[in-house]
Amino acid sequence: MRILFIGDIIGKPGRDVVGAELPRLRDVLKLDFAIANGENAAGGFGLTRATANDLFGAGVDCITTGNHWADQKEILSFISDEDRILRPKNYPAGTPGKGANLFVAREGQRILVVNVMGRVFMDPLDDPFAAVEAELAACPLGEGADAIVVDMHAEATSEKVGMGWYLDGRATAVVGTHTHVPTADARILPGGTAYITDVGMTGPRGGVIGVKRELAIEAMTTKMPIRFEVSTEDPWLQGVLITASDQPLRATAIEQILEPAPGIV
Ligand SMILES: [Fe+2]
Ligand SMILES: [Fe+2]
């Protein structure tokens, strides 16, 4: 089973890269399933119906999110009826939307995707470890699901590494998102879980984690409120390809995809 996870898609430049590259990648990489973090897909902030449809149209099967999931209020009108979009599960009870869903991949494999958010240097939500535990208890690997992918959206590397070890052997993959900078620690943990601390972002590397660099630097140097805009310079596709075997159920490879996409934007 071959699963592509695409790092945080930044605004139109990121959506354009996905639109240009994913149909080809689905074919070339023989993908069974494609997941993308879309929390910054609409102008850098949140997700709208139209931007989500752009991503689904390009071949994304499931969109995960993070702390920016509700930046566009429009999402509140459709997330409850849209099973392909997840928001972090460990938001308070009653928050619209869901944090996990069981999908059917290309050849009928059942794939559980879980989205949680860390609490270190972020909003103090409910315990992400307990939130994932509840999902795994309801749908264990090998029983309820043929593959389980967890998007751990978090700032602190320690919290993400901890989640990887916590789920080793119980999830197919634990991938970190949110920092928009890919890390160099992709590996298969001893129990068979593919792990990376951050997948990176799909968007303009010429900015500051997606924002026009002159605006980001102005905000940092003046400490005045600055309205951020998405950079269009140097768009890249950043993600990981996870390969998993059917028997025994374990990840066999995790490979970073870090590709410049010149001429897309
Ligand atoms: Fe992000
Ligand atoms: Fe984030």
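Ligands are counted one by one from 1 in listed order, and the atoms in each one are counted from 1 as well. Throughout, numbering of the chain's residues begins at 1 and tracks the sequence.
- Applying the side chain to side chain donor-acceptor pair (under 3.5 Å) criterion to Trp236, with sequence neighbours excluded, gives Asp234.
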Handout entry: side chain to side chain donor-acceptor pair (under 3.5 Å) evaluation trace for Asn37 with Asp151
Key = CA-CA 8 Å; Asn37 188 298; Asp151 176 350; 3.0 Å; yes
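- Closer than 2.8 Å to the Fe ion (ligand 2) sit the protein N, O or S atoms Glu39 OE2, Asn67 OD1, His153 NE2, His178 ND1.
- Looking at heavy atoms from C-beta onward, Leu102 lies in side-chain contact with Cys139 at the 4.5 angstrom threshold.
- Listed by first then second residue, pairs satisfying side-chain hydrogen bond (donor to acceptor under 3.5 Å, both in side chains) with a partner in residues 39-49 read Glu39-His153, Asn40-His180, Thr48-Thr51, Arg49-Asn53, Arg49-Glu82, not counting sequence neighbours.
- The nearest N/O/S atom of His180 to the Fe ion (ligand 1) is NE2.
- Residue pairs satisfying the ring-ring contact (aromatic ring centres under 6.0 Å, His included) criterion with at least one member in residues 130-151, sequence neighbours excluded, are absent.
- Between the side chain of Thr193 and the backbone N or O of Gly169, at least one donor-acceptor pair lies under 3.5 Å.
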